[in-house]
Amino acid sequence: MTAIDPIQSPTVTILPPPELAIVNMTKQFGSLAALDSVSMTLKPGSFHALLGENGAGKSTLVKCVMGFYAPTSGEVKIDGQTVAIDSPRDAHKYGIGMVYQHFTSVPAMTVAENLVLSRFDSPNLINWKQEMDGLRAFMTTAPFQVPLDVPIAQLAAGQKQKLEILKQIYLHSRILILDEPTSVLTPQEADEVLGLLREQVNEGKLSVLMISHKFREVMAFADEITVLRKGKFAGSGAVKDLTVSDMAEMMMGDRGDPQAVEKVAHLQTKPVLEVRSLHANKDNGLEAVKGVTFTVHSGEVVGIAGISGNGQRELVEVLAGQREATQGQVLVNGQPYRATRAEMRQHRVFALPEEPLRNACVPHMSVAENMALRTFDRPPQAKGVLLILQAIRQMAQSLITQFSVKTPSPETPVGNLSGGNVQRTVLAREFSSNEINLLIAANPCFGLDFAAVEFIHGQIIAARNRGVAVLLVSEDLDELLKLSDRILVISGGQFAYESLTDKADFAAIGHAMAGH
């Protein structure tokens, strides 16, 4: 086993990639085992895909390899020898580099400046003539071409992703870990980037370990796969010996019947939320939602499943009034709906967004003030333009008790609470009215403990049983199977599967989620 020398110049001879073995890797966060005795081997000069649902442990595994996390137990071996990796700098010594899901370049700086900045031995005083000569020489052998003198902010998403990979090749990484590298790319850009990396693998210059959710890309570019499910090893094999059905089965596992909840049968229902041919863009201008159409009826939970990044966030933001649709129509109770505050009050629409501290609260404001965000301008909390602080506090105190919000006092800033208690605060505000007509919930239980999850599930089902229409968007398939009456799968911004939950085909859900 040989650690690579620090970069002296772009002409350093690059050693062939070593074997990377992960042996019985376990990582616990408190009582949660994010990884449980996972082992896998990345063979020299191979392209290996790491598969699994959201929350399966994939990112935790690679972060342990990179030294971001200290594993609770287990080893990383390079060419058969155990190595200590306590930071990305240590990982770099063994030729391991990672391309993250989100870009890490500095937007105001040029490509050349970002490349030099990425070096672990970047000098305090830079000889730019010498550096530019070296960078131009590097670019003549690089698999991607990105203009050196252009600021990052002016690059297209595909060029930015190419630069992230170029950084690692410039750093002489011989093992490249890719965390969903194509999530911001068009299919054509994805094929170009992965195809050029595949050539580097074929030439014996690189080994690639790619976290992916896309069976199409795995089948086209990977040699082997490892599948994780709920933090455990769920299967592996050579891609040439596997079908998409085999991979989907490993991902989904043998799921039993959905956990039983007490649901009331509604004999008469009416459409409450109607979404017709809706389109919306991502922040970068690429289309995220591509003409989806669906209806949610009173007394029904409609679940939308999907791997993150397939348009769910943008869909929910349109429905919550946080993003403009580019085309299509949303109706609530048969009337056009644009999610203004007045319309939300008129149609009694309530929401449990994901990341509530960012999307549903004002962190520096108190628990009481956050609980009053829907009602502060109405009696008894307001008299004309005057706020009645005592009424706001009294309402908050009642909701804190009713929803078991653990807070030192109603005056405590909501940003000081734990994640579960922030979500309970939002839940209390949104459920404090018995007039709910439509509830939109997006990953409402993400990161919460068992007790908080059960409480929120109970509140959602109680609302459904009262006749509320519920749209539940979740990356937790078990949650959807438990709570939903009907399930839809979104992939690439479009619906790829629909079924009554009690008749759902798990293998078909797996295929649809992975975009195949």
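This one's a predicted model, so the numbers in the text were calculated from it and none came from an experiment.
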Nearest 0.5 Å, please: how far is [atom2] in [Y] from [atom1] in [X]?
X      : Y      : atom1 : atom2 : answer
Leu197 : Phe221 : CG    : CZ    : 9.5 Å
Gln423 : Ile456 : CD    : CD1   : 4.5 Å
His48  : Lys43  : NE2   : NZ    : 9.0 Å
Ile225 : Asp223 : CD1   : CG    : 12.0 Å
Lys282 : Glu317 : NZ    : CD    : 12.5 Å
Leu115 : Ser105 : CG    : OG    : 8.0 Å

side-chain contact (heavy atoms from CB on, under 4.5 Å) evaluation trace for Leu427 with Gln459:
CA-CA 9 Å; Leu427 195 72; Gln459 294 292 322; 3.9 Å; yes
Inspect the contact between Lys482 and Asp476 and indicate whether a charged nitrogen and a carboxylate oxygen are less than 4.0 angstrom apart.
no
So, Arg323 and Asp283, do they make that salt bridge, N to O below 4.0 Å?
yes
Quick one: does any side-chain atom of [X] pair with a main-chain N or O of [Y] as donor and acceptor, under 3.5 Å?
X      : Y      : result
Ser484 : Leu481 : no
Asp90  : Asp86  : yes
Gln327 : Gly291 : no
Glu430 : Ala351 : yes
Arg229 : Met250 : yes
Arg276 : Gly328 : no
Tyr497 : Asp505 : yes
Gln161 : Phe103 : no
Thr293 : Ser277 : yes
Thr110 : Glu113 : yes

With a cut-off of 3.5 Å and sequence neighbours excluded, list every side-chain donor-acceptor pair involving residues 32-40.
unit_1, atom_1, unit_2, atom_2, d
Ser39, OG, Asn24, N, 2.7
Ser39, OG, Asn24, OD1, 3.3

Picking from Lys167, His92, Gln168, what satisfies side chain to side chain donor-acceptor pair (under 3.5 Å) with Ser173?
Gln168
Atom pairs and distances, donor-acceptor, side-chain atoms in residues 57-72, under 3.5 Å, two or more places apart:
unit_1, atom_1, unit_2, atom_2, d
Lys58, NZ, Gly52, O, 3.0
Lys58, NZ, Glu53, O, 2.9
Thr72, OG1, Gln28, N, 2.8

If you compare all heavy atoms of Ile85 against all heavy atoms of Val76, which two are closest, and at what distance to 0.1 Å?
CD1-CG1, 4.1 Å
Is there a side-chain contact (heavy atoms from CB on, under 4.5 Å) between Phe47 and Val239? Walk through the geometry before answering.
CA-CA 10 Å; Phe47 198 124; Val239 171; over 6 Å; no
Assess the residue pair Asn281 and Glu287 against the criterion (side-chain contact (heavy atoms from CB on, under 4.5 Å)); give the C-alpha distance rounded to whole Å, side-chain angles, the decisive distance to 0.1 Å, and a yes or no.
CA-CA 4 Å; Asn281 289 342; Glu287 193 168 45; 3.9 Å; yes
Trace of the side-chain contact (heavy atoms from CB on, under 4.5 Å) decision for Leu155 with Val111:
CA-CA 9 Å; Leu155 298 180; Val111 168; 3.9 Å; yes
Hydrogens and angles aside, do Ser245 and His511 bring a side-chain donor and acceptor to less than 3.5 Å of each other?
yes
Go through the side-chain N and O atoms of Thr104 and Glu164 and say whether any donor and acceptor fall under 3.5 Å apart.
yes
